[in-house]
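Naming: A, B, ... by sequence-line order, numbering from 1 per chain.
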2 protein chains.
Amino acid sequence: MAVKSEQTRQKLADTALHMFREIGFEKTTMRAIAAEAGVSVGNAYYYFASKDDLVHELYVQVQEEHAATAALALEGSGSLGSRLGAVLHAGLDVMAPYHAFGADFVSTAIRPTSPVNPFSEASTPAREASLAIFRLAVDGARPAVPRKLRADLPELLWLGYMGITLFWVYDTSPGQQRTRRLVDGAAPLMARGLSLARLPGAAKVLDDILSLSRSIRS
Amino acid sequence: MAVKSEQTRQKLADTALHMFREIGFEKTTMRAIAAEAGVSVGNAYYYFASKDDLVHELYVQVQEEHAATAALALEGSGSLGSRLGAVLHAGLDVMAPYHAFGADFVSTAIRPTSPVNPFSEASTPAREASLAIFRLAVDGARPAVPRKLRADLPELLWLGYMGITLFWVYDTSPGQQRTRRLVDGAAPLMARGLSLARLPGAAKVLDDILSLSRSIRS
DNA sequence: TACTATTTCTGAACACGTTCAAAACACGGG
DNA sequence: CCCGTGTTTTGAACGTGTTCAGAAATAGTA
């Protein structure tokens, strides 16, 4: 029966995620996961091709949770700065329990061949969900974001989110408050920077940044 | 005799770096390095505490070479944009032979506890040398960089260099030409962006960016 | 029920990075 | 010459992620 199979898979995933959170990446060995889940090592590999695959499972779950809480925070409308801040803080909230795990996570995720890599094929659904959140934040902003930016901004913001996550991983301050301050400072700053689009001198620079980012992407 | 000891160490380092370049990180096993160098595995560990330590050796060497070639390119003076471009291109030149190795390198380097980590204690000399290059690029720029930026800019540029390296690792275009284009576009753009410091509207934003970057750093 | 095909599961085995007790070596002082 | 001390080197052993041949359970069909 397909149900039993799904149960084993779930049990493995749940056990792994729990152990990652509680005792970290290295101590969570495949043998330990299998033992804790009550199956053999080989069986764990029947469901997950690698330990990285289990990390991917964690990534997907965190991303889903982020999308959900962020969508809630984005109901109604507000300035781009405040909306961006809400999305970023929601992300930090969701990741918080995994901070100790962060370094190992990033080190795995950054490998282009890893399923955990945010740009990888395997991460497409998670990445799209995350991008959608930033699109929502941009589209619902009042005053509205300049039209010429509206298409590119979400992706750039998502990229910035990756950067902030990186900063967060390195942030050993209590409660990662430095990252919180970074978000509080950067979100409105970014929004105000964009309003420079109306200054004649700055508009040209902004245009160049946009066209560079477009030309690089292909 | 201390000479023989140093010879063994050198032989191991040379062998490892050569193998990293030729056959990649994973295939370069400690056993293979030891065999190729004509010593036992245990002996390799007498000189290098870990495989990461050997990667650190590579990092230091690449950094030294970068500092040397960049210093050469910075003789005389020129615009900040062109000087920045020269430094960045010099970096790409030096790293080029290791592009295939890049992913594994970054994945190792990004782990905060690794000796390869650019922010780590072990990397302090290499990091300082690299920072010095950017300081040189900024100080020798004509027209001169606005005074209030001169202190912070080198570190920010170095950080940007880390970002470009990350981009380069992911860049699978032939000869990493997309990264080359990125440098060609971003270097003058950055310089022109700074010249906005004189526009009254933009100056405030720039000030805020600076003070944010300062407040975050502590 | 009995036979086959498919899915699920097992545990031994492999190569890896790393550790360590002990061997081999170098060398100055008696 | 040999002893003793410190340095250098060895190779077996450990625990890890991963693989795989085959066993066990299940599903499907007659």
Side-chain angles (χ1 to χ4, degrees), chain A residues 1-17 19-20 23-59 101 103-105 107-111 113-117 122, chain B residues 1-17 19-20 23-58 101 103-105 107-109 111 113-117 122:
Chain A
M1 56 176 122
V3 164
K4 174 74 183 312
S5 176
E6 191 52 36
Q7 270 178 8
T8 309
R9 197 200 137 88
Q10 260 316 315
K11 181 87 201 232
L12 279 165
D14 289 349
T15 307
L17 265 56
M19 291 180 83
F20 281 151
I23 64 175
F25 181 73
E26 301 197 350
K27 284 190 181 164
T28 305
T29 68
M30 290 301 285
R31 285 168 178 78
I33 296 171
E36 188 78 15
V39 302
S40 71
V41 193
N43 200 14
Y45 277 92
Y46 179 74
Y47 289 101
F48 297 94
S50 63
K51 196 178 175 184
D52 282 7
D53 246 40
L54 283 163
V55 177
H56 177 71
E57 199 76 9
L58 168 61
Y59 175 62
F101 184 70
D104 291 293
F105 176 80
S107 154
T108 301
I110 211 156
R111 185 170 284 123
T113 58
S114 163
V116 198
N117 185 292
Chain B
M1 54 176 119
V3 164
K4 175 75 184 311
S5 177
E6 191 52 36
Q7 271 177 6
T8 309
R9 199 201 135 88
Q10 260 317 314
K11 178 90 201 217
L12 278 165
D14 289 348
T15 307
L17 264 56
M19 292 180 82
F20 281 151
I23 64 175
F25 181 74
E26 301 197 350
K27 283 188 181 166
T28 304
T29 68
M30 291 301 285
R31 283 168 177 81
I33 295 171
E36 187 78 14
V39 303
S40 70
V41 197
N43 201 12
Y45 277 92
Y46 179 74
Y47 289 101
F48 297 93
S50 63
K51 195 177 174 183
D52 282 6
D53 248 38
L54 254 359
V55 177
H56 176 72
E57 199 76 9
L58 167 61
F101 184 71
D104 291 293
F105 176 80
S107 155
T108 301
R111 185 170 282 122
T113 59
S114 164
V116 199
N117 186 292

List, with names and distances, any nitrogen or oxygen atoms from the protein found under 3.5 Å away from nitrogen or oxygen atoms belonging to nucleotides 16-20 of chain D.
unit_1: D/dG17; atom_1: OP1; unit_2: A/Lys51; atom_2: NZ; d: 2.8
unit_1: D/dG17; atom_1: OP2; unit_2: A/Met30; atom_2: N; d: 3.0
unit_1: D/dG17; atom_1: N7; unit_2: A/Arg31; atom_2: NH1; d: 2.8
unit_1: D/dG17; atom_1: O6; unit_2: A/Arg31; atom_2: NH2; d: 2.9
unit_1: D/dT18; atom_1: OP2; unit_2: A/Tyr45; atom_2: OH; d: 2.8
unit_1: D/dT18; atom_1: OP2; unit_2: A/Lys51; atom_2: N; d: 2.8
unit_1: D/dT18; atom_1: O5'; unit_2: A/Tyr45; atom_2: OH; d: 3.3

Item to complete: Take atom CG of B/Leu54 and atom P of C/dG17, then tell me their distance rounded to the nearest Å.
Response: 11 Å
Discussion item. Measure CZ/B/Phe48 against P/C/dG17 and give the value in whole Å, please.
Written reply: 15 Å
Worksheet item: Rounded to the nearest 0.5 Å, how far apart are CD of B/Glu57 and CG of B/Asp14?
Response: 9.0 Å
Fill in: Closest approach of B/Glu26 to B/Thr29 (non-hydrogen atoms, all atoms of both residues)
O-CG2, 3.7 Å
Fill in: Side-chain N,O (B/Thr8) to OP1/OP2 (D/dT8) below 4.0 Å
no
Fill in: side chain to side chain donor-acceptor pair (under 3.5 Å) against B/Ser107, all qualifying residues, sequence neighbours excluded
A/Arg111
Worksheet item: Whole-Å distance between D/dT9 P and B/Arg9 CZ?
Response: 13 Å
Worksheet item: Does a side-chain N or O from A/Ser40 land closer than 4.0 Å to OP1 or OP2 of C/dG11, or not?
Response: no
Discussion item. In whole Å, I'd like the distance from the CG atom of A/Leu12 to the C1' atom of C/dT8.
Written reply: 12 Å
Worksheet entry | Within-4.5 Å side-chain heavy-atom neighbours: B/Gln10 and B/Gln7 | no
Worksheet item: Whole-Å distance between D/dA25 P and A/Tyr46 OH?
Response: 16 Å
May I have the list of side-chain donor-acceptor pairs in residues 42-54 of chain A shorter than 3.5 Å, sequence neighbours left out?
unit_1: A/Tyr47; atom_1: OH; unit_2: A/Ser5; atom_2: OG; d: 3.1
unit_1: A/Ser50; atom_1: OG; unit_2: A/Asp52; atom_2: N; d: 3.4
unit_1: A/Ser50; atom_1: OG; unit_2: A/Asp53; atom_2: N; d: 3.2
unit_1: A/Lys51; atom_1: NZ; unit_2: A/Phe25; atom_2: O; d: 2.9
unit_1: A/Lys51; atom_1: NZ; unit_2: A/Thr28; atom_2: O; d: 3.1

Worksheet item: Roughly how far, to the nearest 0.5 Å, is the OG1 atom of A/Thr108 from the CG atom of A/Asp104?
Response: 6.5 Å
